[in-house]
Amino acid sequence: MKILSVSTATNHLSVALNDGQQIIVEKNERDERNHSEHLDPLIDEILKDNDLSLKDIDRFAVAIGPGSYTGLRIGITTVKMFASILDKEVVGISTLQALAKGVQEDALVITGLDARNDNYFAAGYLSSAVPENVIPDGHYNIDVLIKAIQDYAAKHEVKKIVFVGSGLEKQDEKFKALNIPYIYGTEEENVIHAGLIGQLAENAVPVDPDKLLPRYLRRTQAEVDWHKKTGKPFEPDSHYVEEV
């Protein structure tokens, strides 16, 4: 199965071509924020280098969040368009699970993306070929995340923790108070790799392209302002943009 995978969830852009679990090629651009300009050329380069066209791809995969609102929309819209036009399969993969996939240690893997002001998009996974989610993907204040880790550790034997992602080193004093051995991810482990998304996508359940949606895990500021202004409840099909 040829899988083309994309991550535009952070400032790290990653595109990969997999043949099942084998990563044929992965191309990355770090600290770039013009994903809308760079994504299509990277895809085109990978396809041409491997004598393929989009029609030869069996399944498309993408990081669906959490992450940058704009970044997520770029990647998801791109693969939705490809899958819909070409009548191909598409799969959405958790950004945080993709991070956990890169850790080979036998440990509790805490994946986190810095959301500022001591807040993180974070989750807990058990390291394996398909990381098992044991602390739900969510938007956590650091103290709430620490409590979630403590609650999990109180019920399960946790010999080691690996923290991967961005901005977690800032919380080192709080992590020491857990009294559980821990390490931080390497530079390579701390970024999202499209090749790993492709591996996770091979046995994932495909979805209708029209139903592939980003998982922001928190409301946009526009939604919050709209709610304050109107008093209306949040709904999945909220029309706050049109009303504003």
Side-chain angles (χ1 to χ4, degrees), residues 1-104 111 113 129-131 137 187-216:
M1 178 185 287
K2 291 184 176 61
I3 304 170
L4 184 71
S5 303
V6 168
S7 175
T8 54
T10 66
N11 62 344
H12 177 90
L13 172 63
S14 186
V15 180
L17 175 67
N18 284 35
D19 187 355
Q21 292 295 300
Q22 180 187 1
I23 301 173
I24 298 174
V25 61
E26 179 182 281
K27 291 184 178 292
N28 299 280
E29 290 188 356
R30 301 191 184 203
D31 297 322
E32 296 287 349
R33 297 186 180 276
N34 296 322
H35 293 343
S36 59
E37 297 178 14
H38 296 177
L39 177 57
D40 285 347
L42 270 187
I43 292 173
D44 188 55
E45 184 180 333
I46 284 177
L47 292 174
K48 286 182 177 177
D49 288 349
N50 289 275
D51 296 320
L52 296 171
S53 71
L54 285 172
K55 293 186 292 185
D56 298 314
I57 301 300
D58 301 302
R59 175 174 287 189
F60 295 95
V62 62
I64 58 171
S68 158
Y69 295 129
T70 302
L72 289 173
R73 288 194 292 269
I74 291 168
I76 292 171
T77 299
T78 298
V79 300
K80 285 176 68 167
M81 178 183 65
F82 290 158
S84 181
I85 292 174
L86 300 170
D87 193 26
K88 300 289 187 174
E89 295 180 345
V90 65
V91 169
I93 299 296
S94 162
T95 306
L96 299 173
Q97 186 185 34
L99 274 172
K101 171 73 171 168
V103 177
Q104 304 302 314
T111 56
L113 299 175
V130 180
D137 289 19
E187 183 179 356
E188 282 299 302
E189 290 171 337
N190 284 333
V191 295
I192 301 154
H193 291 278
L196 301 181
I197 291 173
Q199 291 179 339
L200 290 169
E202 183 187 18
N203 297 310
V205 179
V207 300
D208 183 324
D210 291 337
K211 295 181 179 179
L212 183 67
L213 299 172
R215 297 184 63 214
Y216 296 129

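The CD1 atom of I197 sits 6.0 Å away from atom OG of S5, with the distance rounded to the nearest 0.5 Å. Atom CD of residue E29 and atom CG of residue N34 lie 9.5 Å apart, to the nearest 0.5 angstrom. One finds the CD atom of E37 at 12.5 Å from the CG atom of L42 (value rounded to the nearest 0.5 Å). For the atom pair OG1 (T77) and CG (L39), the distance works out to 10.5 Å, reported to the nearest 0.5 Å.
For D44, the salt bridge (charged side-chain N to carboxylate O under 4.0 Å, His left out) partners are K48, not counting sequence neighbours. Evaluation of the side chain to side chain donor-acceptor pair (under 3.5 Å) rule for E45 yields K27 as partners, not counting sequence neighbours. Partners of E188 by side chain to side chain contact (heavy atoms under 4.5 Å, CB included), not counting sequence neighbours, listed by chain and number: R30, T186, H193. Residues meeting the side chain to side chain contact (heavy atoms under 4.5 Å, CB included) test with T70, sequence neighbours left out: S68, R73, I74. For N28, the side chain to side chain donor-acceptor pair (under 3.5 Å) partners are H12, S14, E26, not counting sequence neighbours.
Residues L4 and V15 are in side-chain contact: their nearest non-hydrogen atoms beyond the backbone lie under 4.5 Å apart. The shortest side-chain heavy-atom distance between L47 and D49 does not fall under the 4.5 Å cut-off. I43 places a side-chain heavy atom less than 4.5 Å from the side chain of F82.
Of the possible donor and acceptor atoms, none in the side chain of K101 sits under 3.5 Å from a partner among the backbone N and O of V130. Counting only distance, with no hydrogens or angles, the side chain of E189 and the backbone of L99 share no donor-acceptor pair below 3.5 Å. Distance alone, capped at 3.5 Å, places no donor-acceptor pair between the N18 side chain and the I3 backbone.
When every heavy atom of L200 is checked against every heavy atom of P131, the shortest pair comes out as CD2-CD, 3.9 Å. What you find for P209 and A83 is that their closest heavy atoms are CG-CB, 3.9 Å.
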Under the side chain to side chain contact (heavy atoms under 4.5 Å, CB included) criterion, do V6 and T78 qualify, and how do the steps go? CA-CA 9 Å; V6 168; T78 298; 5.8 Å; no
Worked verdict on I192 versus T10 for side chain to side chain contact (heavy atoms under 4.5 Å, CB included): CA-CA 8 Å; I192 301 154; T10 66; 3.7 Å; yes
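Each of V103, T95, L96, D137 was checked for a side-chain contact (heavy atoms from CB on, under 4.5 Å) with T111, and the lone residue meeting it is L96.
Environment of CG in D208: crowded, with over 12 heavy atoms of neighbouring residues, nucleotides or ligands closer than 6.0 Å.
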Anything under 3.5 Å between a donor and an acceptor, one on a side chain of residues 50-66, the other on a protein residue two or more places apart or in another chain? List them.
residue, atom, partner, partner atom, Å
N50, ND2, I46, O, 2.8
S53, OG, K55, N, 3.3
S53, OG, D56, OD2, 3.4
D56, OD2, S53, N, 2.9
D58, OD2, K2, N, 2.7
R59, NE, E89, OE1, 2.9
R59, NH1, A201, O, 2.7
R59, NH1, E202, O, 3.0
R59, NH1, A204, O, 3.1
R59, NH2, E89, OE1, 2.6

